[in-house]
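Everything below concerns the one structure shown next.
Starting from 1, each residue takes its place in the sequence as its number.
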Amino acid sequence: MAVIAAVNVTGLRELRAALRKVDRSILPELRDGLKDAVEIVAADVRSVMPKDTGAAAASVRAVAGGNTIYLVGGKARVPYFGWLEFGGKLPDK
């Protein structure tokens with residue numbers, strides 16, 4: 001699984017701590033909102049990826065984990081994803 005992009009938000013940990021003091025139910029909504037924002041980027045990435053079977057493009061997704069939202073691509077069934085990420089293209093048939 002390759003991380004496609006990284007954006008650091010300064011103060012996110014402090015924001016989460018402050019929101020936790022106000023209302024704990026806000027945190028899952030914040031995470032879901034951030035994940036929705038990353039999903040927009042994932043859709044753009046999928047639209048410009050080369051498509052032979054479409055498996056590589058389908059593997060691009062937003063993943064949430066703690067204080068971090070990742071845009072990831074590739075999985076066991078798409079071992080060539082890193083090759084595509086670094087400028088490769090599918091050969092013509």
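Counting all heavy atoms, side chain and backbone alike, Phe81 lies closest to Ala56 at CE1-O, 3.9 Å. Closest approach of Val60 and Arg46 over heavy atoms only: O-NH1, 2.6 Å. Of all heavy-atom pairs spanning Arg20 and Leu27, the tightest one is NE-CD1, 3.6 Å. For the residue pair Ala57 and Lys51, the shortest heavy atom distance occurs at CB-CE, 4.3 Å. Ala64 and Ile69 make their closest contact through CB-CD1, 3.6 Å (heavy atoms, listed as atom of the first residue, atom of the second, distance). In this structure, Gly74 and Ser59 approach most closely via the heavy-atom pair N-OG, 2.8 Å.
The closest side-chain heavy-atom distance from Asp44 to Val48 is not below 4.5 Å. The closest side-chain heavy-atom distance from Val38 to Tyr70 is not below 4.5 Å.
A distance of 8.0 Å separates CG in Asp23 from CD in Glu29, rounded to the nearest 0.5 Å. Note that CG of Asp36 and CZ of Arg31 are 10.5 Å apart. Values are rounded to the nearest 0.5 Å.
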